[in-house]
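Structure, as structure tokens:
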Protein chains: 2
Amino acid sequence: MTRRSYNQYCGLSRSLDLVGERWTLLIVRELMSGPKRYSDLVDTLDGIGTNLLASRVKQLDNDGLITRKQLPPPAASQVYELTPAGRELAAALVPLAVWGLRHRFDEPRRGDENYRAEWTLVFLAALIDPAATTGVRAVFQFWIDDSPAALSIDNGRVVVTPGEADDTDVVVTTDLRTLADLATRDLDPDLTKAAECLMIDGDATVAQLLLELLTERDGRSHARAVCC
Amino acid sequence: MTRRSYNQYCGLSRSLDLVGERWTLLIVRELMSGPKRYSDLVDTLDGIGTNLLASRVKQLDNDGLITRKQLPPPAASQVYELTPAGRELAAALVPLAVWGLRHRFDEPRRGDENYRAEWTLVFLAALIDPAATTGVRAVFQFWIDDSPAALSIDNGRVVVTPGEADDTDVVVTTDLRTLADLATRDLDPDLTKAAECLMIDGDATVAQLLLELLTERDGRSHARAVCC
DNA sequence: CCGGATCCGTAACGATACTG
DNA sequence: CAGTATCGTTACGGATCCGG
């Protein structure tokens with residue numbers, strides 16, 4: 001039983017031979033917000049068959065994109081995490097995710113559609129220029145469409161974690177539609193529309209920095225900040 | 001008969017709902033080297049079922065990523081081409097293709113594995129900074145693993161076409177492995193190894209420019225040029 | 001020949017039940 | 001908790017056929 005292949009000597013098709021099957025790239029996305037247990041993946045990847053998940057993580061492990069790791073006692077459980085090659089793959093997914101944020105959000109969130117804030121944050125965080133965060137140390141707690149996730153910046157290291165973090169400097173409450181517009185489009189400079197759906201609470205100068213990091217790319221600013 | 005969906009309010013999963021099925025992204029890749037007829041796609045996407053191809057182009061058309069266009073008489077045939085949204089999607093695929101070039105070329109080309117030079121060139125061309133080509137007008141004929149394709153640069157416009165072009169300024173003969181290493185890795189500065197498998201013929205200064213365009217990104221040069 | 005549509009066998013996927 | 005096992009359904013692959 002051999003693996004299905006496009007049989008083309010091409011970077012894209014060889015990538016897709018490896019990770020083009022259903023669910024595979026979403027598993028990689030899940031691991032972008034830190035190591036996860038098998039049952040975490042089952043919970044968050046709603047609809048995946050457990051047999052399929054087991055098969056996928058085995059493939060990803062064999063292909064060197066993720067590793068199993070035993071947590072030290074007393075946890076006694078194992079987690080999956082990205083290898084360096086897996087992290088490079090994750091970085092390569094960012095433009096595809098941003099393309100989706102730009103082109104596939106005309107239709108709003110369906111009622112039954114799942115959502116987790118870290119799904120958005122991992123890709124927006126990848127857009128942040130690490131060099132612009134030297135000397136910065138801050139924790140931003142996001143609530144996006146009522147889902148919590150945190151963005152931690154520590155002197156060039158940018159990390160996203162699901163749920164609520166401790167010692168948060170700033171709390172951002174918004175909806176995904178607004179956040180996607182803010183980060184992926186040239187928003188109207190005064191952010192009037194966005195301001196209605198974007199609440200920022202906490203230290204004003206730190207909040208200002210966040211808005212600059214999210215909107216300022218390629219050396220130019222996409223939006224001027226409004227803060228409360 | 002509804003379309004299968006991950007049912008997640010996320011940029012990546014919504015992208016994959018649209019273009020994550022088998023063959024879809026390879027059709028997009030094909031159209032990156034110019035409009036193609038149905039039978040062109042059948043020929044080049046070896047192994048795709050004609051029913052599946054028909055279904056895919058219909059989807060891509062409905063989703064606004066490609067359009068059908070009637071060629072003017074006496075051609076009397078129709079071609080498919082990318083829309084602006086489709087071109088943005090294509091641009092988003094570049095990192096994934098480059099990831100494949102970096103991580104999936106340890107195993108060499110299999111004997112039965114298909115290859116076309118434009119598959120490589122469209123992604124390498126996308127890495128070229130258009131701003132670096134202002135005032136430049138040149139046509140580079142590539143022969144990669146014995147397959148021909150041309151890269152045309154015209155004052156900021158970079159275009160790839162399959163096959164042999166007219167009025168070529170420079171002819172580059174190489175194998176994909178060498179070219180991939182050259183463009184995606186920090187190659188040893190004197191290119192000694194690459195020079196064995198890379199022959200450049202034509203105007204020396206224009207050839208020099210090509211090597212700079214292919215290896216110089218993010219403002220730094222990955223390789224010094226060797227030209228014959 | 002081009003641009004598909006139809007049919008059918010096989011492989012992949014999805015849901016649930018079960019196990020160490 | 002971390003998976004297997006089973007089984008019905010869907011998607012894909014290959015071939016053939018059909019209208020312009």
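Values in this document were obtained by computation on a predicted structure and should not be read as measured data.
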Q | Stretch residues 56-69 of chain B: residues that reach within less than 4.0 Å of DNA chain C through a heavy atom | A | Lys58(B), Arg68(B)
Q | Qualifying residues under side-chain contact (heavy atoms from CB on, under 4.5 Å), relative to Asp166(B), sequence neighbours excluded | A | none
Any N/O pairs under 3.5 Å between the protein and nucleotides 16-18 of chain D? List them or say none.
none

Q. So how far is it from Ile200(B) CD1 to Thr173(B) OG1, rounded to the nearest 0.5 Å?
A. 9.5 Å
Q: Estimate the overall bend of the helix from dC1(C)-dG20(D) to dG20(C)-dC1(D) from the end axes over five pairs each, rounded to 10 degrees.
A: 20°
Q.
dG14(C), OP1 or OP2 - any side-chain N/O from Tyr6(B) closer than 4.0 Å?
A. no
In a table with atom names and distances, give each donor-acceptor pair under 3.5 Å that connects a side chain of residues 49-58 of chain A to protein atoms at least two apart or in another chain.
residue  : atom : partner  : partner atom : Å
Arg56(A) : NE   : Arg22(A) : O            : 2.8
Arg56(A) : NE   : Thr24(A) : OG1          : 3.2
Arg56(A) : NH2  : Arg22(A) : O            : 3.1

**Q.** Geometric class of the Phe105(A)/Tyr9(B) ring pair [parallel <30°, tilted 30-60°, perpendicular >60°]
**A.** tilted
(Q) Less than 4.5 Å apart, side chain to side chain, heavy atoms only: is that true for Thr44(B) and Arg116(B)? (A) yes
Q. Who pairs with Glu81(A) by side-chain hydrogen bond (donor to acceptor under 3.5 Å, both in side chains), at least two apart in sequence or on another chain?
A. Lys69(A)
(Q) How many whole angstroms separate atom CD1 of Ile48(B) from atom P of dG14(D)? (A) 11 Å
Q) Roughly how far apart are Leu31(A) CG and Leu26(A) CG, rounded to 0.5 Å? A) 11.0 Å
Q) Got a sec, which residues hit ring pair (Phe, Tyr, Trp, His ring centres under 6.0 Å) with Trp119(A), two or more places apart in sequence or on another chain? A) none
Q.
Rounded at 0.5 Å granularity, tell me how far OG1 in Thr174(B) sits from CG in Leu198(B).
A. 4.5 Å
Q. Near DNA chain C, which residues from residues 12-43 of chain B have a heavy atom under 4.0 Å away?
A. Arg37(B), Tyr38(B), Ser39(B)
Below 3.5 Å, can you tabulate the donor-acceptor pairs from side chains in residues 147-156 of chain A to any protein atom, sequence neighbours excluded?
residue   : atom : partner   : partner atom : Å
Ser147(A) : OG   : Ala117(A) : N            : 2.9
Asp154(A) : OD2  : Arg137(A) : NH1          : 2.9
Asn155(A) : OD1  : Gly135(A) : N            : 2.6

Show every donor-acceptor pair shorter than 3.5 Å between a side-chain atom in residues 13-21 of chain B and any protein atom, with sequence neighbours excluded, or say none if there are none.
residue  : atom : partner   : partner atom : Å
Ser13(B) : OG   : Gln8(B)   : O            : 3.2
Ser13(B) : OG   : Cys10(B)  : O            : 3.3
Arg14(B) : NE   : Glu113(A) : OE2          : 3.3
Arg14(B) : NH1  : Arg104(A) : O            : 2.7
Arg14(B) : NH1  : Glu107(A) : O            : 2.8
Arg14(B) : NH2  : Pro108(A) : O            : 3.3
Arg14(B) : NH2  : Glu113(A) : OE1          : 2.9
Arg14(B) : NH2  : Glu113(A) : OE2          : 3.1
Ser15(B) : OG   : Leu96(A)  : O            : 3.0
Ser15(B) : OG   : Gly100(A) : N            : 3.3
Ser15(B) : OG   : Gly11(B)  : O            : 3.0
Asp17(B) : OD1  : Tyr6(B)   : N            : 2.9
Asp17(B) : OD2  : Ser5(B)   : OG           : 3.0

Q.
Going by ring pair (Phe, Tyr, Trp, His ring centres under 6.0 Å), name the residues that satisfy it together with Tyr38(B), two or more places apart in sequence or in a different chain.
A. none
Q) Does the distance from a Lys or Arg side-chain N to an Asp or Glu carboxylate O, for Asp43(B) and Lys36(B), drop under 4.0 Å? A) no
Q.
Atom CZ of residue position Arg68(B) - does it have more than 12 heavy atoms of other residues, nucleotides or ligands inside 6.0 Å?
A. yes
Q. For the salt bridge (Lys or Arg N to Asp or Glu O under 4.0 Å) test, which of Asp145(B), Asp146(B), Asp175(B) pairs with Arg109(B)?
A. Asp145(B)
Q: Grab the CG-P distance between Leu52(A) and dC13(C) for me, whole Å please.
A: 6 Å
Could you go through nucleotides 6-10 of chain D and list every protein N or O atom that sits under 3.5 Å from one of its N or O atoms, giving the distance for each pair?
residue : atom : partner  : partner atom : Å
dT6(D)  : O4   : Asn51(A) : ND2          : 3.0

